[in-house]
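Contents: one structure, followed by commentary.
Lettering follows sequence order; numbering is per chain, from 1. This one's a predicted model, so the numbers in the text were calculated from it and none came from an experiment.
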Amino acid sequence: MKKENSPSVHWADIHARNIIRSKGDKAQYVCASGITPSGTVHIGNFREIISVELVVRALRDLGRDVRFIYSWDDFDVFRKVPKNMPEQELLQSYLRKPITVVPDTTGTSENYARANEERIERQLHIVGIDPEYIYQARQYQAGTYAQSIRTALEHREEIRACLNKHRREPLPESWMPVSVFSSFTGRDATEVISWDGQWGITYRCLETGKEETLDMRSAKWVKLPWRIDWPMRWAFEGVDFEPAGKDHHSEGGSFDTAKEIVKVFGSDAPYTFQYDFIRIKGKGGKISSSSGEVVSLTDVLEIYQPEIVRYLFAGTRPNTEFAVSFDLDVLKIYEDYDKCERIYYGDEEVGEKRRQKESRIYELSQVSSVPEDKPYQVPFRHLCNLLQIHSRDIDSVISSLGVVEKHQEERLRTRCACALNWLDLYAPEEFTFSLREPGSSVPEFPNEILKALGQLCHVAERMDDLSDSELSEEIYAAAHASGCEPKDLFAASYQVLIGKERGPRLAGFMRTCGREKVIPLLRSYAQ
RNA sequence: GGGCCGCUAGCUCAGCAGGUAGAGCAACGCCCUUUUAAGGCGUGGGUCAAAGGUUCGAAUCCUUUGCGGCUCACCA
């Protein structure tokens, strides 16, 4: 085992090398991802695309040219109205139509599918993911896949046999590997009854009973069903790599049938791997897109910096399940990321193996390139306290930190915004506080406590010249000198400072707040 | 019924192209009588689900079993 030059064992790098090995030496590798925008794109869907993107980066880091495509299956049928959408009744009337013809009832986009697409495309850009988007509805309606549809019809029997191997109910003799949206109703309640062996297909609208013959080259409402559409696109785009969730990867699932069906299109299945689903921790609701209660990339970006979102996925092997947390785990994730960063910049002593591994994860976590200078680190937990001490004012927190270079500021501001969101949305009550306004009323205290608070005020005046342990001792001394229990002084101090019974450890907390904030509050009690 | 994933310290998990068991939290102890919730230092704690196999060597690879979870067989 050579230490230097040992190839990366990061999963993305391993897959990248496997792709090259299994697909051979090529001028360009096509990596594909895609889902249907039939509902809010959730964080589970995101695992698919970031898994591909990480492999894309790994391939590029090996000096390979990569085409990274993302297919929006927006010619899909509108099956169910998500509960979180406005104008439920209106949407109801569009069921069974293509999602590109369903109106966007949130009023931001040209249609329902586009609305879902735009939301996530914007977010993906933020985390550094910019694939070449392919819109399936547009492709089908432009006749791009006409020849492929014809190919599917020509191989109808093979395809049917393949699908039947895994079906409980075999497909009927008359089954055709195409589906049509009725031009009479716009809905997919249709039955294809014949194909003329050329470009003509005839279907019957099941709701009106009417029949119509279409030319596939100009037809606007003809598509391949999913299990055929997928391998068709592999062949059409020459896809070398596409992972899939475990729902597709089970035996008899769509990947299984697709890898056989792709042969009729004259191609082979891409290199693949299976990724597992992700769980959510510390936030109610499920991931599913139809229930309405979804956790989206937006929700995650509210709490995690973009590079930390990437870190979550880059640092976890795709074929195992993991949880995205919104509870106290957030603190640990930030600490882990910061540690990874310190390891990358050589500020933390670790073994060589660990260093290589963490460094690679760090690189892959970056939205673009790795910063030349180490970013300014403020532990998330401490930041939560700072923000609350400074009345949630980000500018004031940043100026209190001292030397923050201009190029370090942006990340820091993002982290501040995330911390504020976390405090508002998920932090336990013990974590939140705000400094009181001087002069506002607090409970009466017995004399010895008042005396101790006065002493404490004098201590605060000198605290910048005291060491941590000295300061701590002075606090106890203040209590003892005034004849009260330290415990009671602590409780009173928190009342005076933040209006609560408890708070962060007093000595450090006072120092963090600073003289100019602490003294006025204490002074009103000084005797 | 098939497929996949998991089972490692009290808890949450990392470690997996084999090379003497790790982190965080919790617990316990110490940091001048002395701590309240962010600090520092330290300690304890695991027959790596079970049994076989391959190997000089297995948490890691293979086989079988058990328990838990997901998924396919309808649509996508």
Taking the six-membered ring for Trp and the full ring for Phe, Tyr or His, determine whether the centres of [X] and [Y] are under 6.0 Å apart.
X         : Y         : value
Tyr94(A)  : Phe78(A)  : no
Trp11(A)  : Tyr275(A) : no
Phe433(A) : Phe509(A) : yes
Tyr311(A) : Tyr304(A) : no

Determine the Euclidean distance between corresponding [atom1] atoms of [M] and [N]; express it in Å to zero decimal places.
N       : M       : atom1 : answer
rG39(B) : rA51(B) : P     : 41 Å
rC4(B)  : rG10(B) : C1'   : 30 Å
rG15(B) : rA9(B)  : P     : 15 Å
rC48(B) : rC72(B) : C1'   : 32 Å
rU55(B) : rC62(B) : P     : 16 Å
rC30(B) : rC11(B) : C1'   : 25 Å
rG46(B) : rU8(B)  : C1'   : 7 Å
rU60(B) : rG44(B) : P     : 26 Å

Exercise for the section: Give, ordered by number, those residues of residues 380-393 of chain A having at least one heavy-atom distance below 4.0 Å to an atom of RNA chain B; if nothing qualifies, reply none. Expected result: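 Here the set is Arg381(A), Asn385(A).
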Side chain of [X] - closest among [options]:
X         : options                   : value
Phe277(A) : rA76(B), rC70(B), rC74(B) : rC70(B)
Arg168(A) : rC13(B), rA76(B), rA73(B) : rA73(B)
Asp276(A) : rG24(B), rA17(B), rC5(B)  : rC5(B)
Glu251(A) : rG3(B), rC74(B), rG15(B)  : rG3(B)
Lys500(A) : rA37(B), rA17(B), rG3(B)  : rA37(B)
Lys357(A) : rC16(B), rA76(B), rG6(B)  : rC16(B)
Tyr476(A) : rC13(B), rA76(B), rU34(B) : rU34(B)
Lys246(A) : rG69(B), rA37(B), rC75(B) : rG69(B)
Thr36(A)  : rA17(B), rA76(B), rC75(B) : rA76(B)

Assign each of Phe433(A) and Lys332(A) the nucleotide of RNA chain B bearing its closest heavy atom; nearer the 5' end lies the nucleotide of Lys332(A)
Of Arg317(A) and Asp336(A), the one whose nearest nucleotide on RNA chain B sits closer to the 5' end is Arg317(A)
Q: Name the orientation class of the two ring planes belonging to Tyr426(A) and Phe326(A) (parallel below 30°, tilted from 30 to 60°, perpendicular beyond 60°).
A: tilted
Check: Quick check: are there more than 12 heavy atoms from other residues, nucleotides or ligands sitting under 6.0 Å from CZ of Arg462(A)?
Finding: yes
What's the [atom1]-[atom2] distance between [X] and [N], to the nearest Å?
X         : N       : atom1 : atom2 : value
Lys259(A) : rG3(B)  : NZ    : C1'   : 11 Å
Asp247(A) : rA73(B) : CG    : P     : 9 Å
Lys165(A) : rG3(B)  : NZ    : P     : 16 Å
Phe322(A) : rC70(B) : CZ    : P     : 18 Å
Leu95(A)  : rA76(B) : CG    : P     : 16 Å
Gln274(A) : rG2(B)  : CD    : C1'   : 13 Å
Ile333(A) : rA14(B) : CD1   : C1'   : 12 Å
Lys80(A)  : rC74(B) : NZ    : C1'   : 15 Å

Check your understanding: If only atom types and distance count, is the side chain of Tyr494(A) paired as donor or acceptor with the main-chain N or O of Leu506(A) below 3.5 Å?
Key -> yes
query: Looking at Lys223(A), does any N or O in its side chain come under 4.0 Å of the phosphate oxygens OP1/OP2 on rA76(B)?
result: no
Think Arg227(A) has a side-chain N or O under 4.0 angstrom from the OP1 or OP2 of rA73(B)? yes
Report yes if some heavy atom in the side chain of Tyr334(A) is under 4.5 Å from a heavy atom in the side chain of Ile308(A); otherwise report no.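 Touching, per the 4.5 Å side-chain cut-off.
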Checking all strands, does [X] fall into the base, sugar-phosphate, or nothing category for heavy-atom contacts under 4.0 angstrom?
X         : value
Glu335(A) : nothing
Asp73(A)  : sugar-phosphate
His248(A) : base

With both pairing distances under 3.5 angstrom for Watson-Crick or G-U wobble, and | for a partner in another strand, the correct string for RNA chain B is ((((((((.[[[[.)...(..]]]].(((((.......))))).....[[[[[..)....]]]]])))))))....
Per side-chain hydrogen bond (donor to acceptor under 3.5 Å, both in side chains), Tyr362(A) is matched among Glu307(A), Glu341(A), Arg310(A) by Glu341(A)
Only one of Arg96(A), Lys97(A), Lys223(A) passes side-chain hydrogen bond (donor to acceptor under 3.5 Å, both in side chains) with Asp188(A), and that residue is Arg96(A)
- Taking all non-hydrogen atoms of both residues into account, name the closest pair between Pro98(A) and Trp221(A) and its distance.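 Minimum heavy-atom contact is CG-CZ3, 3.8 Å.
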| query | Which heavy atom of Ala419(A) sits nearest a heavy atom of Phe380(A), and at what distance? | reply |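 Taking Ala419(A) first and Phe380(A) second, the nearest heavy atoms are CA-CZ, 3.5 Å.
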On the side chain of Arg354(A), is there an atom forming a donor-acceptor pair with the base of rA23(B) - under 3.5 Å, no angle test?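 Result: no qualifying N/O pair found.
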